Peer 1: 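Below is one structure. I have some questions about it.
Not measured: the values here are computed from a predicted model. Labels below follow one simple rule: chain letters A, B, ... track the order of the sequence lines, proteins then strands, and each chain is numbered from 1.
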2 protein chains.
Amino acid sequence: MGPVSADSDKAAKKTDKRPTATGRRAAVTIYDVARHAGVSPSTVSRALGKPGRMSARMERRIQDAAAELGYRVNPMARALPTGRTHTLGLIVTDFTNPVYFDLVRGAERAAGVAGCTMVLAESQESGEAESNAVERVRPLVDGLVLAAPRLDDEALTAIAQDTSLVLINRVVPDIASVVVDVRDGLTAALDHLRAHGHGSIGYLSGPARSWINARRWEVLLEEAPRRGMHVVEIQTSEPTLAGGRDALRRVRAAGVSALVAYNDLIAIGLLREAQATGLNVPGDLSIVGFDDIFGAELTTPGLSTIRVPLGALGEAAIHVLIGRVNPEEHEPAKTEFVRRQSTGPAAAR
Amino acid sequence: MGPVSADSDKAAKKTDKRPTATGRRAAVTIYDVARHAGVSPSTVSRALGKPGRMSARMERRIQDAAAELGYRVNPMARALPTGRTHTLGLIVTDFTNPVYFDLVRGAERAAGVAGCTMVLAESQESGEAESNAVERVRPLVDGLVLAAPRLDDEALTAIAQDTSLVLINRVVPDIASVVVDVRDGLTAALDHLRAHGHGSIGYLSGPARSWINARRWEVLLEEAPRRGMHVVEIQTSEPTLAGGRDALRRVRAAGVSALVAYNDLIAIGLLREAQATGLNVPGDLSIVGFDDIFGAELTTPGLSTIRVPLGALGEAAIHVLIGRVNPEEHEPAKTEFVRRQSTGPAAAR
DNA sequence: TTGTATGCGTTATCAT
DNA sequence: ATGATAACGCATACAA
């Protein structure tokens, strides 16, 4: 049994509500309010539901009664006849990845102003866990936001079939999504690197199932040659600090002088590992991260990175989900290259 | 595997569900399952609810029927008669504060294994916003966890009166809570500083309404004199990087050679501001943070800090909440001093 | 404008 | 062991 109130005597006496078995008071219902105000329950429902349609005095009386009794609607009970729970779900791959801080905040705030509460779940970078999370959350919510889902198109389409779905940084036919346009930031980064004499760069790639990873690599593949630069993909084991550290061997083998990473975590991991082995950044190696998470500016040198407006992304996803904005009209958020100190002139050969 | 097939025509024909107005299919209910299995709805409810009490063959048949139809219980409908929603709430002060990453993860996982889903809300360091968050979430959940709440004892007691409540890092009479014992880590840090010749240290304090801030300061006040060290409190404007930066002026004025901060954010803010003004850390100033958040090891020098087992804390809070562990038996998690490079010998006078 | 009656999907209390 | 039936709290179509 969970912890219950310390002493229920006083409370019970004061507000005259039948106590439940747990010792906590039973909730006040519209029936209580109705009796207190001398009207019928349905009138109470109306007065509280949509404050427009009745005599102002009556409405006022009911509101007073409700306030006096401390009435609060029971979301579950309301959800049954209406089918709407006023709850939205957000599923991210990894709680501890700082990218999601601002995204979650943006989503939660947008949901809040829309009168909805957020339920959060984590998919731990695995398709199966993601599927479980979706199944657990789905019956509870009016709609679902999946951030960078790892499920395949088919699975996502199946989900979209019976629950409103918005994807972040993933595009699937006939499913609403909110994406960032990585081209601006990426080309700015490439220009910056080229101006510093880097002719050959490496892309530290992200999860194979990640759509946005493929997207980033694709744009690089388009834009680098256009600038007369070579670009190679360098695999990482996971999109974390450890993944970045592990990649150093392959980075050195590749012989590139500059890198763009799938995310800041990988970039920072590599940065630190490089320094640990005596390399100078940016003297020997220039590194560009992605996202501009908390921590990117804390390293020495500060991490040059491509900033993604995460908060705006989370907010936009909710807006699309609740229909406040048409997915068609929603235009991709722009990315921006943030120059710090982890990038500099290429070492002389 | 998803319960519905990608191809809606086949599925619609095969399972004969009436489509809703939105175009999405109506949910399968126990009535559908009952008809399909040739039994009554109440039997289905029992078979699925508590797999013990009926003929194994019947039970099996019902489960098959449910699976075939893709039945999933409706949490809202279930919550009505039972009063239990299988949902737990967690309210933190600030989503973007890295301290909460692990805490949220720990809580979410513990909730998950208990078959509950988490709803998350943010109170933005304000008592009023916290109160709103509580009110919004409360009717939805079976229990609530408040991390470092800013509300006063009275308000919290009132909340505890009609919803199960567990506090993290806050102690209020007759309310269950989960706290860390800061003494171990703090004394280790003090010993470390004294061994390096620091005789006078400053405490960069946190929010005035924060119980854990008072607690940290109190222990410092006890333990520093015991070691023949002076200790002064230095106010900060907010428990963030900016708060740490702003405090530098007062730190220099205070003339201390070492600092312990309320949290890592403040410590890092101060560290960077000190460096920006030409000070050497730890040469001129030794700095100890608190929590060991992501980012603490990324600075140069790496931040010495007092590690708090956040994940375990979040998990413990949920365990207490769902009654898996008695609040009395729950013993405070221990803190540990993590020595990095932001602390060193006091400058010669 | 306000009240009456019914249903939402489940669990629980009865009979059987 | 299984089936009928009554809540649970709210919204709503309909009657007044």
Peer 1: Would you mind reading off the distance between R35(A) atom CZ and dG9(D) atom P, rounded to a whole angstrom?
Peer 2: 12 Å

Peer 1: According to salt bridge (charged side-chain N to carboxylate O under 4.0 Å, His left out), does anything in residues 68-80 of chain A pair up with another residue at least two apart or in another chain? List the pairs.
Peer 2: R72(A)-E135(B)

Peer 1: Could you write nucleotides 10-16 of chain D as a row of B, S and -, 5' to 3', where a protein heavy atom under 4.0 Å of any base atom gives B, of only sugar-phosphate atoms gives S, and otherwise -?
Peer 2: BBBB---

Peer 1: Within the distance-only criterion (no hydrogens, no angle test), does the side chain of R61(A) pair as donor or acceptor with the backbone N or O of A37(A) below 3.5 angstrom?
Peer 2: yes

Peer 1: Check whether any side-chain N or O of S123(B) sits under 3.5 Å from a backbone N or O of S126(B) as a donor-acceptor pair, and report yes or no.
Peer 2: no

Peer 1: CZ of R60(B) versus C1' of dA1(D): gap in Å, rounded?
Peer 2: 20 Å

Peer 1: Rounded to the Å, how far apart are L80(B) CG and dA7(D) P?
Peer 2: 14 Å

Peer 1: So what does M58(A) touch, heavy atoms closer than 4.0 Å: a base, only the sugar-phosphate, or nothing?
Peer 2: sugar-phosphate

Peer 1: Which is it for Y100(B) and T93(B) under the side chain to side chain donor-acceptor pair (under 3.5 Å) test, yes or no, and what are the steps along the way?
Peer 2: CA-CA 9 Å; Y100(B) 293 118; T93(B) 56; 2.9 Å; yes

Peer 1: Stepwise, does the salt bridge (charged side-chain N to carboxylate O under 4.0 Å, His left out) test hold for R109(B) with E315(B)?
Peer 2: CA-CA 7 Å; R109(B) 292 201 174 162; E315(B) 199 175 342; over 6 Å; no

Peer 1: Check this for me, if you would: do D94(A) and R105(B) make a salt bridge, where the nitrogen-to-carboxylate-oxygen distance has to be below 4.0 angstrom?
Peer 2: yes

